[in-house]
Amino acid sequence: MSTSADRASESPAATGEPELKRVLGPKLLLLFIVGDILGAGVYAVTGTMAGTVGGIVWLPFLLAFIVATMTALSYLELVTQYPQAAGAALYTHKAFGIHFVTFLVAFAVVCSGITSASTSANVLAQNFFGGLEVNGWMEVPGQGVITLVALGFMLLLAVVNLRGVGESVKFNVVLTLVEMTALCIVIGVGFYAMAQGNGNVGEVFVFSDLQDKGLFLAVTAATSIAFFAMVGFEDSVNMVEETKNPERIFPRTMLTGLGIAVVFYMLVAISVVTVLSPTELEGIRASEGAALLEVVQKGSPGFPIEKIFPFLAVFAVANTALINMLMASRLIYGMARQGILPRPLGKVLPVRLTPWAGIAFSTVLALALIVYVTSDPESNIVANLSGTTAFLLLCVFTVVNIACVVLRGKRDPNRKVFFTSPGPMPIVAAVLCAFLAGPWVGRDVIQYQIAGGLMVIGVVLWAITWLINRSTSTRPGDPALVESSGPDD
């Protein structure tokens, strides 16, 4: 007799359900991956990284890319073996078969979406007011006003989410092109400065121990921060059931997308270093999410491009936040419908057919996060939220890499193998991800507090649901099959 988990892992065709339409070819999948990686990340962390290592800010991006690529190889091995749209939760369940562990991974992904969206909200507010200042419309207000705008933006996202967002591939292409255009502006400004002889090219190879950590710890800390800008590639595995011939095109396309992203990031980093002076690099941490705006302002005086750039950044960051909140609310909805979280969190609007309870829950958590991190005027808001996101995903990636090793021993010898991560690469990736998640990288304790608090909320809700299910003899479904889509998709 098959278990519920066995039945849950069957393909749609095997269960009589219609399959998703396969519309993504290599080009559209590549744009999806690049668009998902680019976005709020580089705007959020570049200033903090430059304020940690100075001129070699490009190096942490490169190291983060290497670690992300190692993990991507594990994802590629797993997605070609299990081409289903459930990602890390599915692989965890296949490897270990423990529902609580699977739940922890799934809820950590939910929390990473909420903290990432909260980061985006603050970055958006900073760039929005920076744009108003550049255009001479008003001065940048105090932190209180910026926080209110960030909170208002999260509420606006909730309203949009409630109405239902049918995301199309064409819309994603447009947003990706906007994101790339904004970064090309930063890169162009940097190279223009170099062409005019005004750039500090020599600073590219200068390490400045601005936080008194020493070379190894400073670069390690910056790499951990940079990881926030490299995540997003893992979301593409949720598109596997809508991809044509995924076993063949996924490996090449995902690795190409990661390569394109790191080239953009390193060129942006070089532009930041060449445009800003060493003194300005030391103080750029205070700019938080508006660091790239400072580069454009200084590097293109008198050009109208500096008046447009901040609003392009706002557009790119808003898209990242919307995608994150869509993902988080749909995962909450899915886990509630599977009986893993309280079932009221799976409530759906009758007319709009959107998961209003999941949207409300994720929005309240995001609002509480923004208020919490802004309550300390001395803290770096963007760094703490982006660092929490990176920490949560590094933990998830550690589990996925271990799952990759475990599932190698469970392979069906008669089943075709499309892709295998080289040798012990998953083990190396697991160790590196776990290392970057640890306190020895200089991660602020508030990041662990935020992540721990969110996970405690999830565990409490899971325990309540477990007790209710036990008292009513209800058997929960399989959380490994929770997808990032919702009832309106």
Side-chain angles (χ1 to χ4, degrees), residues 33-53 57-69 71-72 108-109 111-124 126-127 179 183 219-235 258 261-262 264-266 268-269 272 284-285 287-292 313 316-317 319-321 323-324 327-328 366 369-370 373 379-398 432-433 435-438 441-444 446-448 450-451 454:
I33 293 172
V34 172
D36 208 5
I37 299 174
L38 299 179
V42 68
Y43 299 94
V45 302
T46 303
T48 304
M49 291 165 56
T52 301
V53 297
V57 65
W58 54 271
L59 180 58
F61 277 126
L62 178 60
L63 295 176
F65 161 74
I66 293 172
V67 177
T69 301
T71 299
V109 175
C111 293
S112 73
I114 294 172
T115 54
S116 179
S118 300
T119 306
S120 300
N122 282 279
V123 173
L124 179 143
Q126 291 170 358
N127 278 276
E179 292 169 353
L183 294 182
V219 172
T220 301
T223 301
S224 178
I225 296 169
F227 208 83
F228 176 72
M230 291 306 306
V231 298
F233 67 89
E234 76 283 356
D235 289 336
L258 277 165
V262 75
F264 266 95
Y265 288 164
M266 291 182 68
V268 166
V272 170
I284 199 174
R285 287 177 64 92
S287 302
E288 296 189 343
L292 298 188
V317 170
N319 175 53
T320 301
I323 291 175
N324 285 320
M327 177 274 291
L369 270 179
I370 293 172
V373 296
S379 68
N380 189 313
I381 300 164
V382 172
N384 288 333
L385 287 172
S386 62
T388 303
T389 305
F391 167 71
L392 288 166
L393 288 177
L394 283 165
C395 292
V396 171
F397 291 165
T398 301
L432 289 175
C433 287
F435 175 77
L436 291 176
V441 300
R443 193 180 301 279
D444 196 310
I446 191 175
Q447 297 175 22
Y448 295 108
I450 294 171
L454 289 172

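Predicted model, so just to flag it, every value in this text is computed and none were measured.
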Reported [atom1]-to-[atom2] distance for the pair [X] and [Y], which is rounded to 0.5 angstrom:
X: Phe61; Y: Met266; atom1: CZ; atom2: CE; value: 10.0 Å
X: Leu63; Y: Thr220; atom1: CG; atom2: OG1; value: 8.0 Å
X: Leu258; Y: Ile66; atom1: CG; atom2: CD1; value: 12.0 Å
X: Ile114; Y: Thr388; atom1: CD1; atom2: OG1; value: 12.0 Å
X: Ile381; Y: Ser118; atom1: CD1; atom2: OG; value: 11.5 Å
X: Asn384; Y: Gln447; atom1: CG; atom2: CD; value: 5.0 Å

Do the side chains of [Y] and [X] get nearer than 4.5 Å, heavy atoms only?
X: Ile37; Y: Tyr265; answer: yes
X: Leu183; Y: Tyr43; answer: yes
X: Val382; Y: Thr48; answer: no
X: Leu454; Y: Ile450; answer: yes
X: Thr115; Y: Phe391; answer: no
X: Ile284; Y: Val272; answer: yes
X: Pro60; Y: Val53; answer: yes

Next item on the list: Apply the test side chain to side chain contact (heavy atoms under 4.5 Å, CB included) to residues Cys433 and Thr71: give CA-CA distance (whole Å), side-chain angles for both, the deciding distance (0.1 Å), then the verdict.
Entry: CA-CA 8 Å; Cys433 287; Thr71 299; 3.4 Å; yes

Looking only at heavy atoms, which two atoms of [X] and [Y] are closest? And how far apart?
X: Ala64; Y: Thr223; answer: N-CG2, 3.7 Å
X: Ala44; Y: Val123; answer: CB-CG2, 3.8 Å
X: Val317; Y: Ser120; answer: CG1-O, 3.0 Å
X: Ser224; Y: Ala390; answer: O-CB, 3.9 Å
X: Leu292; Y: Thr46; answer: CD2-CG2, 4.1 Å
X: Arg443; Y: Leu436; answer: NH2-O, 2.6 Å

Item checked: Single hit among Asn324, Leu393, Leu392 for side-chain contact (heavy atoms from CB on, under 4.5 Å) with Ser116 ->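 It is Asn324, the one option of Asn324, Leu393, Leu392 that forms the side-chain contact (heavy atoms from CB on, under 4.5 Å) with Ser116.
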
Check: Are Phe435 and Phe227 near enough that their ring centres are under 6.0 Å apart?
Finding: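 Ring centroids of Phe435 and Phe227 are no less than 6.0 Å from each other.
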
Next item on the list: Carefully, step by step, assess Phe228 and Thr119 under the rule side chain to side chain contact (heavy atoms under 4.5 Å, CB included).
Entry: CA-CA 10 Å; Phe228 176 72; Thr119 306; 4.1 Å; yes

